[in-house]
Amino acid sequence: MRATVAAIPEGTVATYGDVASYAGATTPRLIGRILSEDGADLPWHRVLRANGTPAEHLVTKQLELLRSEGVPSANGRVDLRAYRWDGS
DNA sequence: ATCCTGACTGCCC
DNA sequence: TGGGCAGCCAGGA
């Protein structure tokens with residue numbers, strides 16, 4: 001699972017649901033939980049919610065990091081249609 | 001064993 | 001568009 005998150009290409013993002021699916025996690029919540037505990041060394045900033053917005057606590061920092069990677073965040077959220085990770 | 005909480009999602013008004 | 005509701009997993013009190 002941690003490997004899955006780490007595999008997310010730069011300049012790309014994925015939803016908790018996606019990561020959960022690719023990583024074999026049974027529920028998205030598990031992803032958030034793991035990330036909050038073991039996500040320190042992972043590109044967690046590339047993981048967003050289903051609507052393209054990051055979690056309240058991270059909004060600022062996450063969008064900043066993404067922006068520096070080439071992922072334009074419009075109006076506090078990312079354009080999933082264009083930057084969503086396809087899983088490969 | 002039970003209850004609460006949390007970086008979530010999808011479905012249904 | 002926006003809000004409510006029920007599943008989900010793990011760890012701590």
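Numbers restart at 1 for each chain; the letters A, B, ... are given by sequence-line order, proteins then strands. Computed from a predicted structure; not experimentally measured.
- Atom CE of A:M1 and atom P of B:dA7 are 16 Å apart (whole Å).
- Distances were taken from every side-chain heavy atom of A:T26 (C-beta onward) to each of C:dC8, B:dA7, C:dG11; the shortest belongs to C:dC8.
- Salt bridge A:D79/A:R84: absent, no basic N to carboxylate O contact under 4.0 Å.
- Side-chain contact between A:P54 and A:V59 is present, with heavy atoms from C-beta onward closer than 4.5 Å.
- Pairs passing the ring-ring contact (aromatic ring centres under 6.0 Å, His included) check and including a residue from residues 9-66 of chain A, sequence neighbours excluded, read A:Y22-A:W85.
- When rounded to the nearest whole Å, the span between CG of A:L35 and P of B:dA7 equals 12 Å.
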Decide yes or no on side-chain hydrogen bond (donor to acceptor under 3.5 Å, both in side chains) for A:S21 and A:D18, but give the supporting numbers first. CA-CA 5 Å; A:S21 180; A:D18 289 340; over 6 Å; no
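- In this structure, NZ of A:K61 is placed 14 Å from C1' of B:dA7, rounded to the nearest angstrom.
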What protein N or O atoms touch nucleotides 8-10 of chain B N or O atoms at under 3.5 angstrom, if any, and at what distances?
unit_1	atom_1	unit_2	atom_2	d
B:dC8	N4	A:R29	NH1	2.8
B:dT9	OP1	A:A50	N	2.8
B:dT9	OP2	A:A50	N	3.0

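- Distance check: A:L48 CG to A:L58 CG gives 10.5 Å after rounding to the nearest 0.5 Å.
- Taking atom P in both B:dC3 and C:dA6, one finds a spacing of 16 Å when rounded to whole Å.
- With rounding to whole Å, A:L30 atom CG is found 6 Å from C:dA10 atom P.
- Between the side chain of A:R46 and the backbone N or O of A:I8, at least one donor-acceptor pair lies under 3.5 Å.
- Taking atom CZ on A:R33 and atom P on C:dC9, their separation rounds to 12 Å, with Å as the unit.
- Rounded to an integer number of Å, the gap from A:L58 CG to B:dG6 C1' is 12 Å.
- If you take CG of A:D18 and P of B:dA7, they are 20 Å apart, rounded to a whole angstrom.
- Between A:E37 atom CD and C:dC9 atom P there is a gap of 16 Å when expressed in whole angstrom units.
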